[in-house]
Every structure is written in structure tokens, then in C-alpha cells.
Protein chains: 2
Amino acid sequence: MCAEVTEFARALKDAGLRVTQQRMTVMSILMDAQDHPNADELLSRTRAVDDSISLATVYRTLSVLEEAGLIQKLALENEPARYEITPTAEHDHIVDVETGEVIEISNEEINRLRRAMVEELGYEIVSQHTLIRARKVK
Amino acid sequence: MCAEVTEFARALKDAGLRVTQQRMTVMSILMDAQDHPNADELLSRTRAVDDSISLATVYRTLSVLEEAGLIQKLALENEPARYEITPTAEHDHIVDVETGEVIEISNEEINRLRRAMVEELGYEIVSQHTLIRARKVK
DNA sequence: AACAGTAATGAGAATGATTATCATCTTATT
DNA sequence: AATAAGATGATAATCATTCTCATTACTGTT
Ligand SMILES: [Mn+2]
Ligand SMILES: [Mn+2]
Ligand SMILES: [Zn+2]
Ligand SMILES: [Zn+2]
């Protein structure tokens, strides 16, 4: 009912996709998420709203939303992929190797430098992310 | 026989690991590699040297070498992980989304800024990598 | 509002990368 | 050479993700 939801329905239509209950549910869960849930975390959250949604649909929805540029997939090294709404300001992630916690960091200067390097090589960025595995210094 | 190989045997010992034929083979293949092979690419290259090596051993060796800090694993979004010798100068990767080609880029300023941000948050970097999916501009 | 066409879904099977098991073989040490 | 511990090869198991297919739900049109 809120503005973002209407906006999201429009984004789906613009991408030539149908506006389904399942897609709306997954997307709204992701909009509310303050963390970076993986597919089966999303399944359990969506099931609190619609208990008939399937894991296959969660995965299909995630692919489709990613291709439409609405969400981003984070490929980690030793655990299932996590997802988040495409952030307005691009940011990178620190994964605390002890706790698994994901922390967001962002630095415009880094983004600028990175973009410049890629352009210099004659490429345009499709997606990009930095994953830092780190441990808290005691 | 060359210097790096002796060095590598020492690195294994220092890590409390046995120096096996298979580990030496996998490591030397990686040292010669100019690309970023995945596990089964490594299996076929190692089999050209030792045709009895198994895929399980390739994976076990890769884990062990990664834990020892001798190699790095690159987690991609839609294909099996790739591996490379831990580079002397840290560098990032562009994956050409059309061809799958991996290009290395490196920028000391970015590394510096990134390290500073992580430190400021009270963390120390365990590993880190930037993956840029990009397409060639025509 | 009912209809037709087609995309999307749910359930579960299949796939593919990676890890685990276990008997056998190597390595390192005495 | 004998020993003990670790590593390997073969293969089964696991787990995340994708696929199949019958059924259902959107969407544009009557
Ligand atoms: Mn989970
Ligand atoms: Mn391959
Ligand atoms: Zn984030
Ligand atoms: Zn590299």
C-alpha cells in the first residue's frame, strides 16, 4: 500500500514481468530486511505472510529481481548467497569471520577510483562488489 | 626443483602439513597458471602430471592451501570457485560477462583506503576481494 | 464479469559443486 | 625397518540451486 510497493509493481511491469503475490511478498520482505538474508531465510520470512510460497519460487523470484536490477546477490565463499535491495549508494561488505555478521561500508572515493579503472580498460560495470572477511581486533 | 618449490615445501612444513606429491603437484600447477582455474580444470592439469590424483584430493589440497594462506579462492556468482596463488600485490578481478574472461586490476590507493576503513571499524582483514562483472564497451 | 492465452507457481526430482567416509597408502619420526 | 598419524582415492552423501510438469493466477480482451 505504501509508495515503494506501488513503485515496485511498476518496476516489474516495466521489466515485462507479471505482478504476482509471491514477487510482491519477497520484495517487501527484502525491503523491510535490515540484514542480508539468504534464500531459505527468505523462505521462512515469506511463509510468515504466505504459507504456501515455495522455495523454488523464492529462488526464481530472486533471479528475476536480480536480472531486473532491483536486488543484488552477494556470493560468499562458504555459505549460500545472500540478497539485498539494490542500495541507492553502492556499498561493500565486511563479513565477520567469527560471527558471520555482515557490516556495510561505503567510500565514494573507492567507488570513483574503481569506476575509473574499469572504464580505462574499456569496460562498463554490470555489477560489482567487495567482500572483506575480517576479524575483530581485541 | 626450482627455488619456489623448495620454498613451498617449507611453507607446508611451517603450517604443520605433510609434503605430499599431490600437494606439490597442485601447487606447482597453480604457480605456472596464468589464469584462474577452477577445481576440475586443476584436476585435468594435475592429471597430465600424475594421472592417479583424485578430485577429492584437489579439493582437499585447495582448502588446506587456502587455510595456510598460500592460495586464494575466488567465489563467483554463477560458476564454481576459482583459485590462484596468493599474489604479492593484492589485486581485484573483472569478469567479462560475455566471455567469462578474468582480468586483474590493481590500485594501491584503493587498497589503502579499504584497509583504513576496515581498521577504523576495529577489524583486521583476513581476506578480501573485489569482483567486478563488466562488459566491453563497443 | 467471464475468457483466452500465457507466464508463474508448487511439489518434488535432478543437477552440480563440494564435502564426508573409510579402507588403504605415505610421510615423518624413531 | 617399524610405528603412528596424516593423506589419499574411490565413492557416497550433502546441500544449494535449477529444472520439470501439471496446475494456477495474471493480464489484456470481449
Ligand atoms: Mn539460513
Ligand atoms: Mn571447468
Ligand atoms: Zn549490503
Ligand atoms: Zn588474480
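Each chain gets a letter, A, B and so on, in the order the sequences are listed, and its residues count up from 1. A quick note: this is a predicted structure, and the numbers were derived from the prediction, not measured.
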A:Lys73 vs B:Ala56, nearer the 5' end of DNA chain D by closest nucleotide:
B:Ala56
Per side-chain hydrogen bond (donor to acceptor under 3.5 Å, both in side chains), B:His36 is matched among B:Glu104, B:Glu41, B:Glu101, B:Gln72 by B:Glu104
Do A:Arg47 and A:Ser44 meet the criterion of a side-chain donor-acceptor pair at a distance under 3.5 Å?
no
Enter the inter-axis angle for the ends of the helix from C:dA1-D:dT30 to C:dT30-D:dA1 (five pairs per end, rounded to 10°).
40°
Using only heavy-atom distances, determine whether the side chains of A:Asp96 and B:Tyr123 contain a donor-acceptor pair under 3.5 Å.
yes
For the side chain of B:Asn78, counting heavy atoms from C-beta on, which of C:dT18, D:dT18, D:dC19 is nearest?
D:dT18
Does a salt bridge link B:Arg45 with B:Asp35, judged by any charged N lying under 4.0 Å from a carboxylate O?
yes
Taking atom CD of B:Gln21 as the centre, report whether more than 12 heavy atoms of other residues, nucleotides or ligands fall under 6.0 Å from it.
no
How is A:Leu55 classified with respect to the nucleic acid when contacts are heavy atoms under 4.0 Å: base, sugar-phosphate, or nothing?
base
Counting side-chain heavy atoms from CB outward, which of C:dT9, C:dA28, C:dT6 is closest to A:Arg18?
C:dT6
Short of 4.0 Å, heavy atom to strand atom, which residues of residues 57-70 of chain A count as contacting DNA chain D?
A:Tyr59, A:Arg60
Is any NZ, NE, NH1 or NH2 atom of the basic residue among B:Arg112 and B:Glu109 found under 4.0 Å from an Asp or Glu carboxylate oxygen of the other?
yes
Check this for me: does any side-chain nitrogen of one of B:Glu98 and B:Arg135 sit under 4.0 Å from a carboxylate oxygen of the other?
yes
Which residue lies more 5' along DNA chain C, comparing A:Ser54 with B:Lys13 via nearest heavy atoms
A:Ser54
Is A:Thr20 near enough to D:dA25 that one of its side-chain N or O atoms lies under 4.0 angstrom from OP1 or OP2?
no
Counting only side-chain heavy atoms from C-beta out, which of D:dT27, D:dA10, D:dT17 sits nearest to A:Ala39?
D:dT17
Quiz question: by atom type and distance under 3.5 Å, do the side chains of A:Thr61 and A:Arg23 form a donor-acceptor pair?
no
Charged N-O contact under 4.0 Å between B:Asp92 and B:Arg114
yes
Mind listing the residues from residues 28-37 of chain A sitting with a heavy atom below 4.0 Å of DNA chain D? Number order is fine.
none
